[in-house]
Q: 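This is the structure I want to talk about, given as structure tokens.
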Amino acid sequence: MSTTTIDPALDLFAEIERLKHERRAVVLAHYYQDSEIQDLADHLGDSLDLSRKAQAEQDAEVILFCGVHFMAETAKILNPRKTVVLPDLAAGCSLADSCPAEALRAWKRSHPEHLVVSYINCTAATKAESDVICTSSNAEKVIRSLPADRPILFAPDQNLGRWLMKKTGRPMDLWPGTCLVHVTFSERRIVDLKVRHPQARFIAHPECDPAVLRHADFVGSTKRLLEFVRDSEHQEFIVGTESGILHSMHKAAPNKLLIEAPIEERGGCTSCSQCPFMKLNTLEKTYLALRDLTPRIELDEALRLRAEIPLLRMLAVSA
Ligand code: 13P
Ligand code: SF4
């Protein structure tokens, strides 16, 4: 889709508002989106919030999903009668890429007695091979809900899996996937930063490496991190997750000091912790997606029905 078709004189914010009404569209956005996309969203949230919103949406005919592909696909699985559009179809995820359905099927075959728990960051086909899905918000609840006598395969995020084993005491076999953003944080540089900011709380997403998480004062999903900053009596925070969320954190706690957790130095970039997939969605592509109602998420109905089962189990556990 070419952005050259956009009249440069257009006020894109006004046009998007107009098109939302004309198309009967609702805009769902993840906290890792650019600030301008966060600001125009009807609902902003973490993976769990956005799945619930997508499932509950009644009035709109169109869901414009400003996030990555697996999120928009989840919206389509849970609310198939809506037209679901994603500004850029190439907005993928390193975790989803790491665990194709055929590979998960082979892993299951060699562990026939195991239950399969998949993090929501996976494709519909991988979801369809899973017994239950979780997000970082409800993963602990989901694991604790499983029968104690069944062994567990956990895919695709090994860091979230390790953190869950520590929290629940439940051993699991882990798929070797990682988030390309969260594994870049530097333990050494975070420790240095903590020394320079002794009042600061270091907060981190469970997709970070265990070596980084062991220094965290609080670990949680994007929404929990946001709530922690807003509600804590502390005034300074080192934030170990994708930097897009700092926009919402600043809005929720305008007087608090927020410091991006440093990453390992590579190619001269020492502070960028942005998800390249999330950032494929731009204001221009968001406008075009609403204008043209494309690119759309389309799913084979038999696959959708199989992928819906473990998602509904997740939503029942975390209700
Ligand atoms: P949550 O929104 O569940 O915190 O997940 C973060 C993430 O990496 C989404 O891709
Ligand atoms: Fe995937 Fe990580 Fe990007 Fe989230 S931040 S979409 S887990 S690559």
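What you are looking at is a predicted structure, and each value in this text was computed from that prediction instead of being measured.
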Q: Measure the shortest side-chain to side-chain distance between Arg201 and Gln235 over non-hydrogen atoms and say whether it is less than 4.5 angstrom.
A: no

Q: Got a donor-acceptor contact below 3.5 angstrom from the Lys256 side chain to the Ser232 backbone?
A: yes

Q: Do Trp175 and Ser98 come within less than 4.5 Å of each other through their side chains, counting heavy atoms only?
A: yes

Q: Applying ring-ring contact (aromatic ring centres under 6.0 Å, His included), can you list everything that pairs with Phe202, at least two apart in sequence or on another chain?
A: none

Q: Do Trp163 and Val219 have side chains that get closer than 4.5 Å, going by heavy atoms?
A: yes

Q: Which heavy atom in Leu225 sits nearest to a heavy atom in Ala204, and how many Å separate them?
A: CD2-O, 3.6 Å

Q: Keeping Asn138 on the side-chain end and Thr135 on the backbone end, is there a donor-acceptor pair under 3.5 Å?
A: yes

Q: So, do Val68 and Asn121 sit near enough that their side-chain heavy atoms are less than 4.5 Å apart?
A: no

Q: Treating Ile, Leu, Val, Met, Phe, Trp and Tyr as nodes and any side-chain heavy-atom pair under 4.5 angstrom as an edge, say whether Met165 and Trp107 lie in one connected cluster.
A: no

Q: Are His114 and Lys108 packed together at the side-chain level, in the sense that at least one heavy-atom pair is separated by less than 4.5 angstrom?
A: no

Q: Would you say Gln274's side chain and Pro276's backbone share a donor-acceptor pair under 3.5 angstrom?
A: no

Q: NE2/His250 to CG/Asn255 distance, rounded to the nearest 0.5 angstrom?
A: 11.5 Å

Q: Verify, without hydrogens or angle tests, whether Asp42 (side chain) and Val26 (backbone) share a donor-acceptor contact under 3.5 angstrom.
A: no

Q: Output yes when Arg306 and Glu301 qualify as a salt bridge under the 4.0 Å nitrogen-oxygen rule, no when they do not.
A: no

Q: If I compare all heavy atoms of Leu213 with all of Cys208, which pair ends up nearest, and what's the gap?
A: CD1-O, 3.4 Å

Q: Under 4.0 Å between a side-chain nitrogen and a carboxylate oxygen: does that hold for Lys251 and Asp39?
A: yes

Q: For the pair Arg304 and Glu298, evaluate salt bridge (charged side-chain N to carboxylate O under 4.0 Å, His left out) and give the outcome as yes or no after the intermediate values.
A: CA-CA 10 Å; Arg304 187 195 73 76; Glu298 308 284 3; over 6 Å; no

Q: Only one of Thr241, Asn159, Asp157 clears side chain to side chain donor-acceptor pair (under 3.5 Å) with His182; which?
A: Thr241

Q: Look at Asp46 together with Arg224 and state whether they make a salt bridge at an N to O cut-off of under 4.0 Å.
A: no

Q: Listed by chain and number, what are the salt bridge (Lys or Arg N to Asp or Glu O under 4.0 Å) partners of Asp131, not counting sequence neighbours?
A: none

Q: When rounded to the nearest 0.5 angstrom, what distance separates CD in Glu207 from OG in Ser94?
A: 8.0 Å

Q: Between Val142 and Val117, what is the shortest heavy-atom contact and its length?
A: CG1-CG1, 4.3 Å

Q: Provide the closest heavy-atom pair for Phe65 versus Ala75 in the form atom of the first, atom of the second, distance.
A: CD1-CB, 3.9 Å

Q: Going by side chain to side chain contact (heavy atoms under 4.5 Å, CB included), Leu28 matches just one of Val84, Ile63, Asp49. Which one?
A: Ile63

Q: Applying the 4.5 Å side-chain criterion to the ILVMFWY set and letting contacts propagate, would Leu19 and Phe13 be lumped into a single cluster?
A: yes

Q: Measuring from Thr74:OG1 to Leu48:CG, what's the distance to the nearest 0.5 Å?
A: 11.0 Å

Q: Answer yes or no: is there a donor N or O on one side and an acceptor on the other, between the side chain of Arg23 and the main chain of Val62, under 3.5 Å?
A: no

Q: Please report the shortest heavy-atom distance between Ser248 and Gln38, naming the atom on each side.
A: OG-OE1, 2.6 Å

Q: What's the spacing between Tyr31 OH and Lys223 NZ if we round to 0.5 Å?
A: 6.0 Å

Q: Flag the pair Lys127 and Glu73 as a salt bridge only when some basic side-chain nitrogen lies within less than 4.0 angstrom of an acidic carboxylate oxygen.
A: no

Q: Would you find more than 12 non-hydrogen atoms of other residues, nucleotides or ligands less than 6.0 Å from Arg150 atom CZ?
A: yes

Q: Just grab all the side-chain hydrogen bond (donor to acceptor under 3.5 Å, both in side chains) pairs involving residues 54-72, residues at least two apart or on different chains.
A: Arg24-Glu61

Q: Cluster question for you: counting only ILVMFWY and a side-chain heavy-atom cut-off of under 4.5 Å, with indirect links fine, are Val317 and Leu50 together?
A: yes

Q: Donor-acceptor pair, Asp300 side chain versus Leu303 backbone, under 3.5 Å?
A: yes

Q: Is the backbone N or O of Leu174 less than 3.5 Å from a side-chain atom of Gln158, with the two atoms forming a donor-acceptor pair by type?
A: no

Q: When rounded to the nearest 0.5 angstrom, what is the spacing between OG1 in Thr178 and CG in Leu160?
A: 12.5 Å

Q: Phe237 vs Phe228 aromatic rings, parallel, tilted or perpendicular, using cut-offs 30° and 60°?
A: perpendicular

Q: Do you know which two heavy atoms are closest between Pro206 and Ser221, and how far apart they sit?
A: CD-N, 4.3 Å

Q: For Cys122, does its backbone N or O pair with a side-chain atom of Thr126 as donor and acceptor, under 3.5 Å?
A: no

Q: Look at the side chain of Arg170 and the backbone N and O of Leu146, then say whether any donor-acceptor pair between them is shorter than 3.5 Å.
A: yes

Q: Does some side-chain heavy atom of Ile259 sit less than 4.5 Å from a side-chain heavy atom of Leu193?
A: yes

Q: Under a 3.5 Å threshold, yes or no: a donor from one side chain and an acceptor from the other, between Gln199 and His234?
A: no

Q: I'd like to know if the side chain of Arg105 reaches the main chain of Glu129, judged simply by a donor and an acceptor atom lying under 3.5 Å from each other, with no hydrogens or angles considered.
A: no

Q: Side chains of Lys166 and Arg162: closer than 4.5 Å at any heavy-atom pair?
A: no

Q: Does either side chain, that of Ser130 or that of Ser118, offer a donor lying less than 3.5 Å from an acceptor on the other one?
A: yes

Q: Enter the distance from Leu258:CG to His247:NE2 here, rounded to the nearest 0.5 Å.
A: 12.5 Å

Q: Mind checking whether Leu180 and Leu280 sit in one hydrophobic cluster, side chains of I, L, V, M, F, W, Y counted as touching below 4.5 Å?
A: no

Q: Any non-hydrogen side-chain atom of Cys275 less than 4.5 Å from a side-chain atom of Val181?
A: yes

Q: Membership question, hydrophobic clusters at under 4.5 Å side-chain separation (ILVMFWY): are Val116 and Ile77 in the same one?
A: no

